[in-house]
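When a ligand or atom number is given, it counts from 1 through the structure's own listing order.
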Amino acid sequence: MTKPLRPEDRRPARLNALPKLPIFLDLAGKTILVVGGSDGIAWKAELLVAAGGTVRILADNPSPELLALIQGNPERLTLTQRSWRDADLHGVSVAVADIEGRQEAQLFADTARRHGALVNIVDQPAFCDFQFGTIVNRAPVIVSISTDGAAPILGQAIRRRIEAVLPPSLGTWAQAAKGFRDRLREIVPSKSGRRRFWEKFVDVTFISQAQEDEQLAEIERLARKTLLEVNERPPVGEVIIVGAGPGDPELLTLKAMRELQAADIIVYDRLVTPGVLELARREARRIHVGKEGHGASCRQEDINALIVDLALAGQRVVRLKGGDPAVFGRTGEEVAACHDAGVPVRIIPGITTASAAAASLNGSLTHRDHAQRVQFVTAHDRHGGLPENLNIDALADPQATTIIYMGRRTAFKLAARLIDAGLPPETPVAAVSNVSRDDQKSLHTTILDLAREAPLPEDGPLIIIIGASVGRARQIPIQRETTSSLHSKMRRCMVGVEQSSPTLATR
Ligand code: SAH
């Protein structure tokens with residue numbers, strides 16, 4: 001049985017503050033009052049009608065565009081050529097007005113609210129209950145973008161990019177799928193099977209060339225195919241061991257992002273950063289099994305049992321580990337536990353800290369002349385001391401680059417032993433903490449100074465690189481993208497659009 005989880009294990013994903021809450025309003029059968037006659041008002045009236053509302057317009061001086069719009073839809077758009085009064089707002093759900101004077105705007109807003117209407121006054125955010133987003137319309141799919149008034153042109157640019165990524169047929173696919181939900185329940189009775197269907201459906205909507213009249217048939221085929229697959233496999237879930245990289249979310253692989261988005265449960269280590277977790281599916285349950293150094297921690301056997309039990313209960317378990325799971329990650333034990341229990345398990349590699357550290361120093365781990373060999377070593381045995389069985393002669397090879405993981409406590413002692421074993425005292429050393437994170441720090445020194453207890457960067461995980469290849473390497477400033485731009489990129493990678501992004505290349 002799965003052990004009961006501690007309450008803090010169920011904490012939802014961290015959500016940054018939102019300037020506004022995007023909500024989608026049902027206007028079917030609602031009356032909307034629009035005051036003003038400009039082209040901008042015409043555009044808003046058109047939007048409100050498209051969303052199902054019946055719009056009454058009051059305008060002294062309607063623009064030709066507004067008049068043309070009204071002529072085109074006389075049932076849902078009516079015009080009265082006069083200014084507004086209190087009684088006009090009776091029974092109105094949404095009131096939109098183009099009013100310049102602050103006093104009149106205030107009066108209009110107060111009156112509308114008294115009648116229970118939501119208010120928007122053009123270009124006067126202080127009087128607005130809501131704002132119109134910039135939209136991408138693939139009905140029934142709608143994407144709405146807001147910059148909270150910060151930069152409307154930016155909103156437009158975002159819209160163009162999203163327009164380019166979402167195929168025009170997305171709407172008809174979504175519509176077809178909406179009508180297919182009951183039928184799907186008949187064809188694929190299990191919930192997990194239906195989930196699988198929807199994942200495949202997403203891929204199909206972005207890739208398939210099917211015409212609109214062929215879509216339903218293709219959806220039906222997909223459902224039947226899913227059923228066959230589900231029947232072939234027992235209803236166990238699976239474990240996907242995923243490398244989270246050293247901390248910067250941009251160092252995740254596309255596959256890792258895809259798995260984070262498809263997870264039911266994420267079981268993660270202490271080294272996984274909040275920025276990485278933020279990219280996971282919001283509904284996924286998160287379980288922290290962080291190990292604190294060599295002190296009190298979740299025992300490895302408990303973690304093995306946890307992931308196996310969750311998968312046996314039908315869950316898709318993402319076991320998220322810092323760096324690359326294959327490097328000092330006890331991945332072998334977790335894979336073995338899954339095999340023993342008959343749980344399907346896969347591994348998605350990640351960028352190991354050594355690679356990211358070298359990159360952040362503009363350095364290389366190998367060099368044709370003086371580093372033909374790379375060795376990763378842990379300087380930490382199960383009691384927290386220097387492992388007895390280290391091959392010191394190999395580690396003292398001046399022709400190798402040696403990377404020490406988990407070496408904070410034992411680095412000085414190890415350095416002294418390497419010098420004793422013949423490593424030249426002037427051999428360069430780079431000690432880098434918090435690799436790829438905002439607070440990355442590095443110390444560039446020699447093996448002799450390290451043996452003399454040079455002050456290591458104090459906080460956070462630390463990696464030590466020894467060898468001539470880091471002799472010239474120095475930390476370069478960290479540049480990274482914001483999480484929101486990552487999200488839009490993630491959308492692309494999720495659908496398998498493999499086009500190189502100019503922003504990725506230039507940043
Ligand atoms: N699988 C991980 C290593 C896990 S062992 C990987 O491939 O990177 C844990 C050790 O990794 C830490 O003690 C530290 O030495 C190193 N480490 C992990 N993340 C790090 C980071 N962001 N900065 C510096 N060292 C890190």
Side-chain angles (χ1 to χ4, degrees), residues 240-253 255-256 267-277 288-295 297-298 300 303 318-335 347-361 363 365 374-387 390 395 401-415 429-445 450 456-466 470 473 475-476 478 480:
I240 307 109
I241 301 179
V242 175
D248 177 358
E250 280 194 87
L251 292 179
L252 282 167
T253 63
K255 282 199 178 189
V267 178
Y268 66 97
D269 281 350
R270 181 176 54 98
L271 288 170
V272 174
T273 55
V276 167
L277 283 175
H288 182 220
V289 291
K291 302 193 180 170
E292 298 298 333
H294 63 288
S297 64
C298 276
Q300 185 62 46
I303 298 173
V318 163
R319 173 70 177 106
L320 191 61
K321 291 174 182 283
D324 180 23
V327 178
F328 304 125
R330 303 192 74 171
T331 292
E333 290 155 75
E334 293 176 18
V335 169
I347 301 176
I348 310 289
I351 292 185
T352 191
T353 308
S355 304
S360 75
L361 303 177
L365 296 177
V374 176
Q375 43 195 359
F376 293 173
V377 60
T378 169
H380 178 119
D381 68 10
R382 61 184 65 216
H383 310 294
L386 200 58
L390 284 178
L395 298 182
T401 303
T402 301
I403 298 107
I404 304 176
Y405 286 75
M406 294 175 275
R408 186 181 281 288
R409 285 162 170 264
T410 52
F412 306 144
K413 196 167 156 194
L414 178 61
V429 169
V432 195
S433 69
N434 295 309
V435 170
S436 84
R437 306 178 189 176
D438 290 332
D439 49 354
Q440 172 169 333
K441 296 218 166 54
S442 55
L443 166 76
H444 299 270
T445 180
L450 188 62
L456 296 169
E458 268 174 11
D459 299 315
L462 179 82
I463 195 159
I464 299 169
I465 308 179
I466 303 169
V470 291
Q475 186 166 327
I476 52 168
I478 300 172
R480 83 170 39 96

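L414 is not listed as a side-chain neighbour of I464, based on a closest heavy-atom distance of 4.5 Å or more. Side-chain contact between D269 and V289 is present, with heavy atoms from C-beta onward closer than 4.5 Å. Using a 4.5 Å heavy-atom threshold, the side chains of P246 and L251 count as touching. The side-chain heavy atoms of T352 and F328, taken from C-beta on, include no pair separated by under 4.5 Å. Side-chain contact check for I303 versus R330: every heavy-atom pair is 4.5 Å or farther apart.
In summary, the atoms of ligand 1 found under 4.0 Å from a heavy atom of I463, numbered by their order in the structure, are 24 (C), 25 (N). Close approach of ligand 1 to R437 is summarised as follows: ligand atoms under 4.0 Å from at least one heavy atom of the residue are 22 (N).
Polar contact with ligand 1: present for P246 (N/O pair, distance under 3.5 Å). At least one N/O-N/O distance between V327 and ligand 1 falls below 3.5 Å. Considering backbone and side-chain atoms together, L462 places an N or O closer than 3.5 Å to an N or O of ligand 1. Considering backbone and side-chain atoms alike, Y405 places every N or O at 3.5 Å or more from each N or O of ligand 1. For ligand 1, the polar-atom distance check against F328 finds no nitrogen or oxygen pair separated by under 3.5 Å. Polar contact with ligand 1: absent for S433 (N/O pair, distance under 3.5 Å).
Nearest non-hydrogen protein atom to atom 23 (N) of ligand 1 is V435 N, 2.9 Å. Given atom 9 (C) of ligand 1, the protein heavy atom at minimum distance is L271 CD1, 3.6 Å. Residue, atom and distance of the protein heavy atom nearest to atom 13 (O) of ligand 1 are M406 CG, 3.1 Å. If you check which protein heavy atom lies closest to atom 7 (O) of ligand 1, you get T352 OG1, 2.6 Å. Ranking protein heavy atoms by distance to atom 18 (C) of ligand 1, first place goes to T353 OG1, 3.2 Å. Of all protein heavy atoms, the one lying nearest to atom 24 (C) of ligand 1 is P461 O, 3.2 Å.
For the pair K321 (side chain) and G329 (backbone), a donor-acceptor distance under 3.5 Å is present. Of the possible polar contacts, none joining the Y405 side chain to the H380 backbone as a donor-acceptor pair under 3.5 Å is found. Looking at T378, its side chain never comes within 3.5 Å of a backbone N or O of M406 through a donor-acceptor pair.
Here the rule is side-chain contact (heavy atoms from CB on, under 4.5 Å) with I463, and of V435, N434, I404 only V435 fits it.
Within the 4.0 Å heavy-atom criterion, the part of N434 lying near ligand 1 is the backbone and not the side chain.
For V432, the heavy-atom gap to ligand 1 drops under 4.0 angstrom. Put simply, part of G322 is less than 4.0 Å from ligand 1, judged by heavy atoms.
Separation of atoms CD1 (I241) and CG (L320) is listed at 11.0 Å; rounding is to 0.5 Å.
Taking both residues in full, the closest heavy atoms of G322 and L271 are given as CA-CB, 4.2 Å, listed atom of the first, atom of the second, then distance.
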